[in-house]
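What follows is a single structure, written as structure tokens, with notes after it.
Along the sequence shown, the residues carry numbers beginning at 1.
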Amino acid sequence: MLGLMQDSPLLISSLIEHAARYHPHVEIVSRTCEGPVVRTNWRDLAKRVAKLANALRRMGIKPGDRVASLAWNTHRHVELYFAVSGIGAVLNTVNPRLFPEQIDYIVNHAENRVLFFDITFAGLVAGLRGRLSTVERFVALTDADHLPADVAAEAYEDLLSPEPGQIDWPVFDERSASSLCYTSGTTGNPKGVLYTHRSTILHSFMVCTADGFRLSSADSVLLVVPLFHVNAWGIPYAAAMCGAKLVLPGPKLDGKSLFELAVAEKCTFSLGVPTVWLGFFQHIDDTPGLDTSGLRLERVVIGGSAAPRAIIERFRRDLGVFVIHAWGMSETSPVATVGNLLPKHRGLPEKEQIDVQVRQGRVVYGVELRIVDEDRNALPQDGSVAGDLHVRGPWVTSGYFKGVGGDLLDAGGWFPTGDVAKIDSDGYVVLTDRSKDVIKSGGEWISSIDLENAAVAHPAVQEAAVIGLPHPKWQERPFLIIVPKPGTAPDRDEILDFLSARVAKWWLPDDVAFVSELPHTATGKLQKTKLREQFRDHVLST
Ligand code: ADP
């Protein structure tokens, strides 16, 4: 027997309608590519969203068509989020930090019909233009006054100005595609993850729960995670759902600009990858006498890579900020685990609370997790063993766009994440590796992530990477590569001494190399394939 509750579809247009009606004066503050900080609010943004939606329809954009963006975090990019999906089209956010060949692959593969871009990327777009076979219109996200004469594109503001500021949003199946984000991957072509209206709304509810990110109308959000990668961790949608204030840093992601924006806009909540926070603290350290008392930050979400213990401690001790360590991936919308404390942790000493925070967070309702061995047998979730991490749930992908990569899921509907993890009985996850980065020494796994975390705790270590190198007796042994902090010159023995107090003896790297920088992917992840190539002929010294 079916129940009798209304079956209204979960659509992204309902979020902007809700925010405009019930949080009309809550601000959206944005640093623009032209320079100045502009202020709007949910009501006025919703009018511009309606104008843009009308303009897209006038251009002939139909449900299911793809529209690309190549842009920083600004109010205009947020407008694209709501307008494109609102009319049933699909917003393909493209990461401008990718190699140009990857960008043209993505734009062509997605068959985007329109490309909206920030003027900062005008040169990039000019270079790609001849190769983008499906794009019919190029729109620069600026007004006519700021559109350089040599940029062949129409101005966004000209497109919006003649259009009416209201729209009757269409109603359609909540499983319709809403946005498309390609994972950068470290090998092969990028693969498209195609989100739905339903997955986006369910993910937003989770972001607003108290055991999720606790996002609410009380928050002013400094949105550092890019709108061009995994829907900025779902925050634009969730902010509209709860009526949070949005603060968008535009192209300025340096520590000083972020610090000043956070103070000026009384931001209570922020999110970003670890590198962003290293820059943030670097600014504090480089500015003697800097007054941090104006910061109102309460919670900061760190994810994308392991949040170093030193950052979690520093946020807590120096700024009174609670770090929520989260894990996820493009394929999981992205948030799958969130690192809040449970009541039983509240009375613990600081060190033990931080021991909980360095884990990759705890499973949230809506996501199921399991770990399996090499034969896909489920392993116990009691924190004792690591295995391949599988996930399933309504905001986890079932396959890549256009069937690339074939069937991803096994018979039980589980998606293999490519991460290796332990899960404890409370549902906290500890990531030990990427499956392709695992180091197997004498048949036992050594966690490269644990070793890297231990190494970055050394005061002279800026960044660390551990890879496995072939070894005649043990098959593989760990090799540590370090970028020293500016002005320091740590040596091999000093580092190994430091590590020996922190990891098991048989985990100690056989060798340490010092380099000036490590290779990263466009999303800031260590590119271990490159490192393995670079050090292929290195002979371990022990
Ligand atoms: P990409 O486009 O490179 O796939 P994603 O953002 O989807 O980018 O990357 C997801 C991967 O990032 C995860 O599978 C995991 O390996 C890593 N990752 C994400 N969050 C964390 C975290 N908190 N700690 C360690 N690694 C993380």
Side-chain angles (χ1 to χ4, degrees), residues 10 12 14-30 41-42 45-46 73 75 77-78 81-82 85 178-179 195 197-227 229-249 258 261-262 265-273 276-277 295-304 307 315 320-328 332-341 357 361-367 394-395:
L10 305 173
I12 286 171
S14 67
L15 296 173
I16 188 74
E17 293 254 279
H18 175 83
R21 171 165 298 188
Y22 297 110
H23 303 278
H25 304 299
V26 173
E27 285 184 302
I28 320 277
V29 179
S30 174
N41 56 36
W42 282 112
L45 187 105
N73 288 13
H75 63 296
H77 204 173
V78 174
Y81 261 57
F82 289 105
S85 306
S178 55
S179 62
Y195 307 96
H197 286 257
R198 173 182 157 81
S199 68
T200 304
I201 302 269
L202 294 176
H203 183 269
S204 305
F205 276 121
M206 179 276 295
V207 166
C208 296
T209 57
D211 282 324
F213 290 170
R214 260 173 283 160
L215 194 70
S216 80
S217 54
D219 280 312
S220 165
V221 187
L222 179 63
L223 192 62
V224 187
V225 282
L227 289 161
H229 192 56
V230 214
N231 303 321
W233 298 357
I235 298 304
Y237 310 113
M241 180 178 270
C242 66
K245 170 177 170 179
L246 270 184
V247 181
L248 305 158
L258 293 178
L261 205 53
E265 300 305 330
K266 301 188 171 53
C267 295
T268 55
F269 178 65
S270 188
L271 322 82
V273 294
V276 162
W277 305 114
L295 270 182
R296 294 281 174 275
L297 281 176
E298 293 162 7
R299 302 165 339 273
V300 161
V301 178
I302 302 185
F315 261 122
V321 173
F322 183 81
V323 169
I324 301 176
H325 191 182
W327 166 83
T332 63
S333 289
V335 183
T337 63
V338 180
N340 287 303
L341 299 179
Q357 284 177 272
R362 189 170 169 258
V363 66
V364 291
Y365 173 78
V367 172
W395 60 83

> Cut-off 3.5 Å, side chains only: do Asn231 and Ser179 have a donor facing an acceptor?
Replying inline: yes
>> The test is side-chain contact (heavy atoms from CB on, under 4.5 Å); show your working for Thr337 and Val367 and say whether it passes.
In response: CA-CA 8 Å; Thr337 63; Val367 172; 5.9 Å; no
>> When you compare the side chain of Val301 with that of Val338, does any pair of heavy atoms fall below 4.5 Å?
In response: no
> Roughly how far, to the nearest 0.5 Å, is CZ of Phe82 from CG of Leu45?
Replying inline: 7.5 Å
>> Rounded at 0.5 Å granularity, tell me how far CE in Met241 sits from OG in Ser14.
In response: 7.0 Å
>> How close do Ala307 and Ile302 get, counting heavy atoms only, and between which atoms?
In response: CB-CG2, 3.6 Å
> If you round to the nearest 0.5 Å, how far is CD1 of Ile12 from OG1 of Thr200?
Replying inline: 4.0 Å
>> Working to the nearest 0.5 angstrom, can you tell me the gap between Asn41 CG and Leu246 CG?
In response: 12.0 Å
> Any donor-acceptor pair under 3.5 Å linking the side chain of Asn73 with the backbone of Leu248?
Replying inline: no
>> Please determine whether side-chain contact (heavy atoms from CB on, under 4.5 Å) holds for the pair Tyr365 and Thr209, giving the CA-CA distance in whole Å, both sets of side-chain angles, and the decisive distance to 0.1 Å.
In response: CA-CA 10 Å; Tyr365 173 78; Thr209 57; over 6 Å; no
> Would you find a donor on one side and an acceptor on the other, under 3.5 Å apart, between the side chain of Trp42 and the backbone of Arg21?
Replying inline: no
>> Using every non-hydrogen atom in the two residues, find where Val247 and Cys267 come nearest and quote the distance to one decimal.
In response: CG2-SG, 3.7 Å
>> Test your reading of the model: is there a side-chain donor-acceptor pair from His197 to the backbone of Ser178, 3.5 Å cut-off?
In response: no
> Can you say whether the rings of Tyr81 and Tyr237 are parallel (under 30°), tilted (30 to 60°) or perpendicular (over 60°)?
Replying inline: tilted
> side-chain contact (heavy atoms from CB on, under 4.5 Å) between Val224 and Trp233: does it pass, once the steps are laid out?
Replying inline: CA-CA 10 Å; Val224 187; Trp233 298 357; over 6 Å; no
> With under 30° as parallel and over 60° as perpendicular, where do the rings of Tyr22 and His18 fit, or are they tilted in between?
Replying inline: tilted
>> So which atom in Leu215 and which in Ala239 form the shortest heavy-atom distance, rounded to 0.1 Å?
In response: CD2-N, 3.7 Å
> Going by heavy atoms in the side chains, are Val364 and Val335 under 4.5 Å from each other?
Replying inline: no
> How long is the gap from NZ on Lys245 to CD on Glu27, to the nearest 0.5 Å?
Replying inline: 5.0 Å
> Any Lys/Arg nitrogen of Asp219 or Arg299 sitting under 4.0 Å from an Asp/Glu carboxylate oxygen of the other?
Replying inline: yes
> With no hydrogens and no angle check, is any side-chain donor or acceptor of Ser270 less than 3.5 Å from a backbone partner on Leu222?
Replying inline: yes
> Hey, what's the ring geometry for Phe213 with Phe269, parallel, tilted or perpendicular (30° and 60° as the breaks)?
Replying inline: tilted
> Where the side chain of Thr268 meets the backbone of Ser220, is there a donor-acceptor pair that is under 3.5 Å apart?
Replying inline: yes
> So, does His203 use its side chain to make a donor-acceptor pair with the main chain of Trp395 at under 3.5 Å?
Replying inline: no
> Does the side chain of Val323 come within less than 4.5 Å of Trp277's, by heavy atoms?
Replying inline: no
>> Restricting to non-hydrogen atoms, name the atom on Val230 and the atom on Pro334 that form the minimum distance, rounded to 0.1 Å.
In response: CG1-CB, 3.5 Å
> So, for Ala262 and Leu295, which heavy atoms are closest and what is the spacing to 0.1 Å?
Replying inline: CB-CD2, 3.7 Å
> Which heavy atom in Cys208 sits nearest to a heavy atom in Cys242, and how many Å separate them?
Replying inline: SG-CB, 4.0 Å
> Pro249 versus Leu258: any side-chain heavy-atom pair under 4.5 Å?
Replying inline: yes
>> Whether the side chain of Asn340 engages the backbone of Ile324 through a donor-acceptor N/O pair (distance < 3.5 Å, no angle test) should be reported.
In response: no
